[in-house]
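Letters A, B, ... mirror the listed sequences (proteins, then strands); counts begin at 1.
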Amino acid sequence: MRLLKFACALAFATICAASDTAEIGIKIIANPSVRTSSLSRDDLSRIFLMTKASLEGTGHVEPVLERSSPASHAFLRAYIGRTEAALMAYYRSLVFTGKGTIPKTFASDSATAAYVARTKGAIGFVSADTAAPGVKTLQIQ
Amino acid sequence: MNLISRALGVLILACAGSGLATAQWNELTVGGKTIDVHGFFSQGFAVSDQNNFLTMPTSSGSFAFTDFGLNASTQLTNNFRIGAQIYDRNIGKLGEWRPEIDWAYGDYKFADWLGVRAGKVKTVMGLYNDTQDLDFLHTFALLPQSVYPTDLRGQNIAHTGADVYGTFGTEGHGEIAYTGYVGELPLDRFGGYVYGAESAGVNLKNGGALQSGGDLRWNNLLPGFTAGVSFLNQAYNANGVVNLEQVLGVPGSAPYSMKSIGDHRTQFYTEYRKGPLLLQGEYFRRTWSIDTIGLEKFSSDERGWYGAGTYRISPRLEFGAYHSRYYPSWKETDFSQPSNHIYDQAITANINLTSFWYVKLEGHFMDGYGVGYSFRGFYPQDNPQGLKSRTDLFVIRTGFNF
């Protein structure tokens, strides 16, 4: 019974902690070739953890990272649940077991947005107030 | 062989050095395809108060604690990937600078729920089996030795065969990931199993195992919470020579062979991650019998578990602790005997000097040393004065990756 209460409290706390992208000051952007206007939180997380490499109607998708920025801290906290160091360790575990590679990584919102705009299937995140021509904004459900 | 290993080490150092100058240097383009080149190197120092540990003369302090690797891989199409990694280590008398192909395989992904890997593939088992030798990924300098004994890395690290794998989304409850495999594993002639057998008068020359198994895990069942189970079935055989003087007290030697029967391992694991906090626990049970030609039949029921917690207080600093317990034979009734258990309490500080260079400072407070077939750090030939029941060990380990 105590375990059940703990699990419920944990789930409630996590739901409360979850916010939509606008509230946490970021937006999820995608190349126009991505044929959806929304993603579930799970699918977004799976794309960035590279266990989901395709979307129905789109085909191959590619996560794009921004490092050590307010946007990346907000994104990782809200959707991935890992620190930047833990996420990089995860990517390195893929690289050093042959299972994957480290996603393209940029240091600024403008560079991230520019890469997403020119790369088929690319999905990234930037600060909510970033001007990002040539990309679409995805709703996260 | 020594020369080749050292040359590889120098190459890795040189690559890392040049990597400081430019961020994308480890991406080569050949025929329009990008080839990623990555490597790692780690060097440790270990000192203990009593018993010598992990085949190193730790009671007087030892730097014989080195490993490194280098890999290259490329994504040929969106669905097809190939790559290979060389690995080498010298830890006391383990590894002996003999480079080996760590993994080398092709990976074709038909869909997120179905992929196939063929070649030499690292074995997925529990949280860390396939990454146990990648020190830079872990908070601890020594993973819990009950479940991931450094000596026995070669026993389960990889198989030459094929894997099927995939993931399924679960609509709001994370994803389920599976892996199934079958393959062969050669005897690790420079590992703890062969080294430990020497103390029993057996010189193993060759052998290996046919392995099959699988792993099923539910990632983010609740946010940050993962649980899983792994299975391994194997048929092990080894051949060599037994020293009759040492075993029976009569002069001479005789051919020796053994095979394992009913060799099964089951491992349960769980992990909870929230921001800088990470909690983990794993439990394994391995039951096996050995049929030795010329000697007696023998069976055992090994068990081990650990609980670990780590907390990153800043991007540069992380602390961790674990409690690990190993029982070589669950049939024993008196676990207070040092030969019937190995308990280990560890505390560590992991300092990231840069994003690719780290230093770990770690203390181990161990109780017990297990039996002759535990192969977990304590060997009679390294401790001719006799094993003591307690061992305090301090480890410094530094390394980098690129």
Per-residue contact mode, D36(B) against chain A (heavy atom under 4.5 angstrom): side chain

Modelled atom types, side-chain donor and acceptor of Q75(B) and T101(A), under 3.5 Å: no

When R81(B), E318(B), K122(B) are compared by non-hydrogen pairs under 4.5 Å with chain A, the top option: R81(B)

Top contributor to chain B interface from G81(A), G98(A), A89(A) [non-hydrogen pairs under 4.5 Å]: G98(A)

Side chain / backbone / both / neither for Y165(B) at chain A, heavy atoms under 4.5 Å: neither

Greater than 12 external heavy atoms within 6.0 Å of H173(B)'s NE2: no

H138(B) portion near chain A, given a 4.5 angstrom heavy-atom threshold: neither

Donor-acceptor under 3.5 Å (D42(A) side chain, G169(B) main chain): no

R82(A) CZ to L278(B) CG distance, which is reported to the nearest 0.5 Å: 8.5 Å

Nearest-0.5 Å distance that lies between atom CZ in F96(A) and atom OG1 in T131(B): 12.0 Å

Chain B interface, residue from G59(A), G100(A), S40(A), A85(A) that has the most non-hydrogen pairs under 4.5 Å: G100(A)

Y128(B), part contacting chain A, at a heavy-atom distance under 4.5 Å: neither

Segment of E171(B) engaging chain A (4.5 angstrom heavy-atom cut-off): backbone

salt_bridge(K99(A), D130(B)) N-O dist < 4.0 Å: yes

Max heavy-atom pair count under 4.5 Å with chain A, selected residue of P315(B), G174(B), G115(B), A177(B): G174(B)

Separation between CG of N220(B) and CG of L49(A), rounded to the nearest 0.5 Å: 7.5 Å

Between CZ on residue R273(B) and CD1 on residue I80(A), distance to nearest 0.5 Å: 11.5 Å

Region of N219(B) that comes under 4.5 Å of a non-hydrogen atom in chain A: neither

Reported OG-to-CG distance for the pair S54(A) and N79(B), which is rounded to 0.5 angstrom: 8.0 Å

For chain B, the option from S45(A), A53(A), A86(A) that forms the most heavy-atom pairs under 4.5 Å: A53(A)

CZ (R118(A)) with more than 12 external heavy atoms under 6.0 Å: yes

Residue Y87(B) versus chain A: region with a heavy atom under 4.5 Å: neither

Note, T167(B) side chain near R46(A) side chain (heavy atom, < 4.5 Å): yes

Spacing of CG belonging to L134(B) relative to CZ belonging to R92(A), to within rounding of 0.5 Å: 11.5 Å

Per-residue contact mode, S93(A) against chain B (heavy atom under 4.5 angstrom): both

